[in-house]
Amino acid sequence: MEFESYFRFALALILVLGLIGLTAWGARRLGLVHPITPRGGRERRLGIIETTPVDAKRRLVLVRRDDVEHLVLLGPGGDTVIENHIPPAPKLAKVGEAS
């Protein structure tokens, strides 16, 4: 291939990536994309506290909702709630912090 072919390819790639970026910016600007964080300064009600793999196909997930935690087992056969309504663990002071 000649240098001109490489230049055309690079120019086309830059053009396509620019159009994708412009479309994403326009969608956000017009409000077509839902924000991930809640509006109005509210605190997040839902969060994943911790996750750990059990084996190659299953994992345990600790989910927090409104100051209550739930332990869920996720796998290819479905999702199973292991334990409900776990009170959140007390926050431990970091090393070097005054109590």
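- Arg8 CZ to Leu13 CG: the interatomic distance, rounded to the nearest 0.5 Å, is 15.5 Å.
- Here the CG atom belonging to Leu11 is positioned 7.0 Å from the CG atom belonging to Leu15, to the nearest 0.5 angstrom.
- At least one side-chain heavy atom of Ile86 sits less than 4.5 Å from a side-chain heavy atom of Leu62.
- Cluster note: Trp25 groups with Leu22 through ILVMFWY side-chain heavy atoms spaced under 4.5 Å, whether in direct contact or through intervening members.
- Residues Ile49 and Leu71 fall within the same hydrophobic cluster, defined by Ile, Leu, Val, Met, Phe, Trp and Tyr side chains chained together at heavy-atom separations under 4.5 Å.
- Residues Ile82 and Leu60 are in side-chain contact: their nearest non-hydrogen atoms beyond the backbone lie under 4.5 Å apart.
- With sequence neighbours excluded, the residues satisfying side-chain hydrogen bond (donor to acceptor under 3.5 Å, both in side chains) with Arg58 are Asp55.
- Note on residues 64-90: pairs passing ring-ring contact (aromatic ring centres under 6.0 Å, His included), not counting sequence neighbours, are His70-His85.
- Taken from CG in Leu46 to CZ in Arg64, the straight-line distance is 7.5 Å, to the nearest 0.5 Å.
- Contact check for Ile48 versus Glu50: no side-chain heavy atoms found under the 4.5 Å cut-off.
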